[in-house]
Amino acid sequence: MNELHVTVETTIPDDRIDMFHLLYEEAFGPLRTKAIARQVLHHAEFRAEMVDPRVLKHVARTTAGEPIGVTTLTRHLETVPWISPDYFAARYPEHAARNAIYYAGFTLVASSARQGAAFHAMIKSVVQVLVAERAAVGWDICSYNNTRFSFADSIRAVLDEQEANVEVAVEDSQTYYAARFTGDGATKGG
């Protein structure tokens, strides 16, 4: 699909944020019941990210200018409340000294464009920034999205296509547990 292009934007105009939020809800809303950890930004959090110039928005657009996807990328790790900037600084001290540690916050593609090239084009746009900066970058993918949509494999494929000379590793994981009490065990043994 050659008819799309990616723009890198520091802020989304106020009168366009609700339209971007609709795309976001369409893509991420279902995760409310698919993942234990909160995967969906509240509307105020989403709005704050859209107007924060520290968070770059790689926006995939049709030739008519209609947005069909967004990937967020920042080197201001303090804007990502669910990660530890200290971890990245300790893990990548040389990159920290150059202010070259990034975090990719989220990637979404409108349902009408999911079979097209938007995802690929946005990741390619992000990779170009990271290669130019010789950066370290973190991102996270919930288990549901990775299992259902193979996002990690898709990202890896774009990296390989770019011949980016990059090493990718799983850095951390967190396992959620649940217990379901099914009987009257509380009265036993007492």
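Here the structure is a predicted model, which means the values were calculated and not measured. Keep in mind that the numbers below use all heavy atoms, side chains included, and drop hydrogens, waters and symmetry copies. Positions are given from 1, in the same order as the sequence printed here.
- By the 6.0 Å contact criterion, CZ on R38 is enclosed, its count of non-hydrogen atoms from other residues, nucleotides or ligands being greater than 12.
- Taken to the nearest 0.5 Å, the CH2 atom of W139 stands 11.0 Å off from the CG atom of L73.
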Go through H43 and E25 one step at a time and tell me if the side chain to side chain donor-acceptor pair (under 3.5 Å) criterion holds. CA-CA 9 Å; H43 190 274; E25 272 294 323; over 6 Å; no

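- Side-chain N or O atoms of K57 include one that pairs as donor or acceptor with a backbone N or O of V55 at under 3.5 Å.
- Residues I83 and V126 share a hydrophobic cluster, clusters being chains of Ile/Leu/Val/Met/Phe/Trp/Tyr side chains in contact below 4.5 Å.
- Inspection of the T63 and E3 side chains reveals no N or O donor paired with an N or O acceptor under 3.5 Å.
- Taking each heavy atom of A110 and L23 in turn, the nearest pair found is CB-CD2, 3.6 Å.
- Between the side chain of S154 and the backbone N or O of S150, at least one donor-acceptor pair lies under 3.5 Å.
- No single ILVMFWY cluster, assembled from side-chain heavy atoms under 4.5 Å apart, contains both V40 and Y176.
- With rounding to the nearest 0.5 Å, the separation of CG in N145 from CD in Q39 is 7.5 Å.
- Residue T62 comes nearest to H5 through the heavy atom pair O-CE1, 3.3 Å, listed as atom of the first residue, atom of the second, then distance.
- Residues V80 and I12 share a single hydrophobic cluster, defined by chaining ILVMFWY side chains whose heavy atoms lie under 4.5 Å apart.
- Rounding to the nearest 0.5 Å places CD1 of I68 at 5.0 Å from CG of L4.
- The same ILVMFWY cluster, assembled from side-chain heavy atoms under 4.5 Å apart, contains both I155 and V129.
- Here the closest heavy-atom approach between residue L56 and residue P53 is recorded as CD2-O, 4.4 Å.
- Under the 3.5 Å distance criterion, the side-chain polar atoms of Q162 are left unmatched by any main-chain donor or acceptor of L159.
- Counting all heavy atoms, side chain and backbone alike, F151 lies closest to N146 at N-OD1, 3.5 Å.
- Distance CG/L41 to CE/M50: 8.0 Å, rounded to 0.5 Å.
- The environment of CG in D15 is crowded: more than 12 heavy-atom neighbours from other residues, nucleotides or ligands sit within 6.0 Å.
- Looking at heavy atoms from C-beta onward, R156 lies in side-chain contact with V168 at the 4.5 angstrom threshold.
- H58 and E9 are not linked by any side-chain donor-acceptor pair at a separation below 3.5 angstrom, with hydrogens and angles left out of the test.
- The CG atom of D52 sits 13.5 Å away from the CZ atom of R47 when rounded to the nearest 0.5 Å.
- The OH atom of Y24 sits 8.0 Å away from the CD atom of E45 when rounded to the nearest 0.5 Å.
- The two atoms that bring F88 and G138 nearest to each other are CE2-CA, 4.0 Å, heavy atoms only.
- Judged by distance alone, with hydrogens and angles left aside, the side-chain atoms of T79 form a donor-acceptor pair with the main-chain N or O of H76 at under 3.5 Å.
- Side chain of T74 to backbone of R54: a donor-acceptor contact under 3.5 angstrom is found.
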Contacts table for residues 94-109: side-chain donor-acceptor under 3.5 angstrom, sequence neighbours left out:
unit_1 : atom_1 : unit_2 : atom_2 : d
E94    : OE1    : R98    : NH2    : 3.4
E94    : OE2    : R98    : NE     : 2.5
H95    : NE2    : R134   : O      : 3.2
R98    : NH1    : E133   : O      : 2.8
R98    : NH2    : R134   : O      : 2.7
Y102   : OH     : R75    : NE     : 3.2
Y102   : OH     : R75    : NH2    : 2.4
Y103   : OH     : D140   : N      : 3.3
Y103   : OH     : D140   : OD2    : 2.5
T107   : OG1    : T71    : OG1    : 2.9

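- Cluster annotation: V70 and F149 are assigned to the same hydrophobic cluster (Ile/Leu/Val/Met/Phe/Trp/Tyr, side-chain heavy-atom contacts under 4.5 Å, transitive).
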Steps toward side chain to side chain donor-acceptor pair (under 3.5 Å) verdict (E171, Y87): CA-CA 10 Å; E171 285 285 320; Y87 171 85; 2.3 Å; yes

